[in-house]
Visitor: 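Quick one: this structure, given as structure tokens, is what I'll be asking you about.
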Amino acid sequence: MYYIDPHIHMVSRVTDDYETLAKMGCVAMSEPAFWAGFDRGSVDGFRDYFRQLTEFEPQRADWYGIEHYTWLCINAKEAENVRLSREVIAMIPEFLDRPGVLGIGEIGLNKNTRNEATVFLEHIDLAMRTDEQILIHTPHLEDKYQGTRMILDMLMGDSRIDRSRVLVDHVEEHTIRPVLDAGFWAGMTLYPVSKCTPERAVDMIELYGPERLLVNSAGDWGPSKPTAVPDFILAMRKRGHSEAAIRRVVYENPLQFFSQSRNFRFKPPEVPELV
Ligand SMILES: [Zn+2]
């Protein structure tokens with residue numbers, strides 16, 4: 001089945017992963033900017049990273065016929081350095097008209113601090129001034145519930161925001177409902193060590209229906225599985241869901257969400273699907 005991975009960090013992956021994903025049916029992906037595993041030292045470090053995301057990664061993906069899209073920001077883990085964050089936010093517009101840039105992300109909170117909230121709100125303001133979509137990271141484990149509530153409060157406090165153009169990612173059983181009820185898109189991240197398994201994602205689809213729900217692998221430099229979306233497809237089949245229902249979640253939903261970005265120029269594959 002053809003599918004789209006809406007959240008995967010391919011800068012951390014080897015070229016063989018692109019080949020594997022293409023063989024498994026991945027036709028497009030989007031890669032949010034994230035933490036490199038260390039704090040970058042200057043705005044020029046981010047400029048180079050954004051060049052990698054907008055120049056080289058689309059090229060590597062294209063070798064295997066996959067369309068690569070991206071989102072730009074400074075990650076919440078680096079937001080304690082408010083001065084550097086502001087320099088990066090001021091520099092991002094240099095890249096917003098490049099092909100494949102879908103919006104601002106993944107912004108959010110990590111430890112739910114005041115500086116993180118300040119930098120989050122300034123990213124939101126940038127997105128509103130430049131008419132960009134937004135992709136949001138919610139914190140891990142013990143910080144997730146409170147952080148998600150703080151994020152939703154900040155988003156709902158800004159009347160300029162069109163909620164159908166915002167994706168709140170890494171939802172779990174205890175955070176999915178307020179995200180969907182408020183009218184945002186919700187992403188389930190399939191992870192081997194935390195967040196959500198394919199089976200739990202199927203549970204949530206069964207509870208809430210497929211509307212405004214996405215699944216992604218988040219494949220990155222830590223323990224993660226870039227082929228987690230095909231695992232979800234298999235888990236859906238094992239539960240007896242129709243091919244049309246699966247396709248809605250892994251293909252049509254991301255298309256619907258991404259199509260709201262002016263730089264999304266997806267060409268559906270010409271070769272028909274086998275299944
Ligand atoms: Zn991520």
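Order of listing sets the numbers, starting from 1, for every ligand and every atom in it.
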Visitor: Would you call L190 and T197 a side-chain contact if the rule is heavy atoms closer than 4.5 Å?
Guide: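 No, their side chains stay 4.5 Å or more apart.
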Visitor: Around the Zn ion (ligand 1), how many protein N, O or S atoms are closer than 2.8 Å?
Guide: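 If we list every protein N, O or S atom nearer than 2.8 Å to the Zn ion (ligand 1), we get 3.
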Visitor: Given F50, which partner from the list W71, F95, F56 fulfils the ring pair (Phe, Tyr, Trp, His ring centres under 6.0 Å) test?
Guide: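 The passing option is F95.
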Visitor: Just do the salt bridge (charged side-chain N to carboxylate O under 4.0 Å, His left out) check on K111 and E80 with the steps written out, would you?
Guide: CA-CA 10 Å; K111 289 289 169 194; E80 290 307 323; over 6 Å; no
Visitor: Among N253, V229, D169, I4, find the residue that satisfies the side-chain contact (heavy atoms from CB on, under 4.5 Å) test when tested with L214.
Guide: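 Exactly one candidate clears the test, N253.
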Visitor: Suppose the criterion is ring-ring contact (aromatic ring centres under 6.0 Å, His included): which pairs have a residue in residues 167-198, not counting sequence neighbours?
Guide: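 Matches after skipping sequence neighbours: H7-H170, H137-H170, W185-F257.
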Visitor: Could you check whether F264 and F258 have their ring centres less than 6.0 Å apart?
Guide: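 Aromatic pair counts; centres sit under 6.0 Å.
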